[in-house]
Amino acid sequence: MKPVIGLVLGSVLIPLGLVLSFTWLPSSIAEATSYADAGPCKEPIPNGNRCWTEVGAVVKGTEVVHHSKSSSYYVDLQDDFGTQRVEVAPNGTFDALRPAQTVSARFWRGNVALIHVQGADDLTSESEPGTQLGWAIMAVVATLLAGSVFFLGALGVHRVERSWTVSVTRAEYGEDMLDAVAPPARRWLQAILVIASLGFCGGVLAHAIFGAALIPAGLISAGMGALLSAWLLHHQVRTSPARRQPGRKHR
């Protein structure tokens, strides 16, 4: 990959990550907070505003839909509000479900958020607010981190090569190098561990010491971890010339 391509990708991904962090993420946090604070509705209704309704249901069947690189898991239910097709996170409970089995379905704002099976772990749906919050956090962190790596890595390669169009391979910089050209997977793993550790530890400490809200404090800490990881990667690019072979021609 050429530095100019990394620069363009970074210029697209960073604003996209910021947009997600100011739109999808806050709404997901608000939804998860409302769900956590909600209680049962006084009357059984599927789309309660600040309450949830749990009703009995019967399993009509289950289905696993295989995609090219992943699979989706569905449970078909018959309950007091009609027939529902719920996409759930797979676990041992899903594998043990059988047709005509009696379960209970928790409705939150018109969707089944949770399927409770007596004597087994609950099945969380993809509509459950906590699940949606997890996807939002992953999307924001991954987008901002990838954008920072591409953008700062492209600047670093340009600073070394004095060209926006030169094509640089990983072998010319060494196996320990992570830049916008060819990042080894283990460096991505290190960055993810740094972000997750700082997010968890920072959020817990801020909550315990200052009484800050756990989720926002964790997100701020994770964001700082993403910036720290991006700076470390950028620093490697800037200190890489000693690893290169002299006399290399631009292409």
Side-chain angles (χ1 to χ4, degrees), residues 17 20-21 23-41 46-48 50-146 185 188-189 192-193 195-197 199-200 203-204 214-216 218-219 222:
L20 293 176
S21 66
T23 54
W24 186 18
L25 186 56
S27 65
S28 298
I29 293 175
E31 184 76 0
T33 302
S34 297
Y35 180 69
D37 295 339
C41 298
N47 57 348
R50 297 183 179 274
C51 61
W52 46 262
T53 295
E54 191 161 321
V55 297
V58 176
V59 177
K60 307 298 291 184
T62 61
E63 183 181 6
V64 180
V65 178
H66 298 286
H67 309 291
S68 58
K69 295 183 179 179
S70 62
S71 299
S72 299
Y73 299 79
Y74 296 93
V75 178
D76 294 319
L77 298 176
Q78 180 71 45
D79 54 55
D80 296 343
F81 303 122
T83 302
Q84 321 295 334
R85 184 171 176 82
V86 186
E87 184 177 359
V88 299
N91 58 20
T93 302
F94 176 86
D95 298 330
L97 287 179
R98 296 292 180 267
Q101 184 174 354
T102 301
V103 298
S104 60
R106 176 178 295 184
F107 283 81
W108 170 256
R109 295 185 178 176
N111 296 309
V112 176
L114 180 145
I115 299 175
H116 178 68
V117 182
Q118 187 173 5
D121 294 332
D122 294 335
L123 282 170
T124 304
S125 80
E126 291 296 321
S127 304
E128 196 266 338
T131 302
Q132 289 297 310
L133 177 58
W135 283 114
I137 293 173
M138 286 176 23
V140 169
V141 171
T143 305
L144 287 177
L145 177 60
W188 280 102
L189 180 60
I192 292 172
L193 290 176
I195 294 170
S197 299
F200 176 78
V204 170
L214 184 60
I215 293 177
L219 292 175

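In this text, all values refer to a predicted model and were calculated from it rather than measured experimentally. The figures here come from the full heavy-atom set of this structure, side chains too, leaving out hydrogens, waters and symmetry mates.
- Here the closest heavy-atom approach between residue Lys60 and residue Pro99 is recorded as O-CB, 4.1 Å.
- Tyr74 approaches Phe94 most closely through the heavy-atom pair O-CE1, 3.4 Å.
- Taking each heavy atom of Cys41 and Gly48 in turn, the nearest pair found is SG-CA, 4.3 Å.
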Decide side chain to side chain contact (heavy atoms under 4.5 Å, CB included) for Trp52 and Leu114; before the verdict, give the C-alpha distance in whole Å, the side-chain angles of both, and the deciding distance to 0.1 Å. CA-CA 10 Å; Trp52 46 262; Leu114 180 145; over 6 Å; no
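- A donor-acceptor distance shorter than 3.5 angstrom exists from the side chain of Gln132 to the backbone of Glu126, with no hydrogens or angles considered.
- Taken to the nearest 0.5 Å, the CZ atom of Phe107 stands 4.0 Å off from the CG atom of Asp79.
- Here the shortest heavy-atom pairing between Ala136 and Leu25 reads CB-CD1, 4.0 Å.
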Begin with the C-alpha distance, continue with both residues' side-chain angles, and end with the deciding distance and a verdict on side chain to side chain contact (heavy atoms under 4.5 Å, CB included) for Thr62 and Asp76. CA-CA 6 Å; Thr62 61; Asp76 294 319; over 6 Å; no
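- For the atom pair CH2 of Trp24 and CD1 of Ile29, the computed distance is 12.0 Å after rounding to the nearest 0.5 Å.
- The CD atom of Glu128 sits 12.0 Å away from atom CD1 of Ile115, with the distance rounded to the nearest 0.5 Å.
- Contact annotation: the side chain of Thr83 approaches that of Gln78 to within less than 4.5 Å [non-hydrogen atoms, C-beta and beyond].
- Side-chain atoms of Trp108 and Ser125, non-hydrogen and from C-beta on, never get closer than 4.5 Å to each other.
- If you take CG on Leu97 and OH on Tyr73, they are separated by 13.5 Å, rounding to the nearest 0.5 Å.
- Of all non-hydrogen atoms in Leu77 and Ala105, the two that sit nearest each other are CD1-CB, 4.1 Å.
- Distance check, rounded to the nearest 0.5 Å: CD of Gln118 to CD of Gln101 gives 10.0 Å.
- Here Met138 contributes atom CE and Thr143 contributes atom OG1; the two are 10.5 Å apart, rounded to the nearest 0.5 Å.
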Asn91 and Leu123: CA distance, side-chain angles, deciding distance, side chain to side chain contact (heavy atoms under 4.5 Å, CB included) verdict: CA-CA 8 Å; Asn91 58 20; Leu123 282 170; 3.1 Å; yes
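- No donor-acceptor distance shorter than 3.5 angstrom exists from the side chain of Gln84 to the backbone of Val86, with no hydrogens or angles considered.
- With respect to the salt-bridge test (charged N to carboxylate O, under 4.0 angstrom), the residues Arg85 and Glu63 qualify.
- Within the 3.5 Å criterion, the main-chain N or O of Ser127 finds no donor-acceptor partner in the side chain of Thr131.
- Residues Ala38 and Cys51 come closest through the heavy atom pair CB-CA, 4.1 Å.
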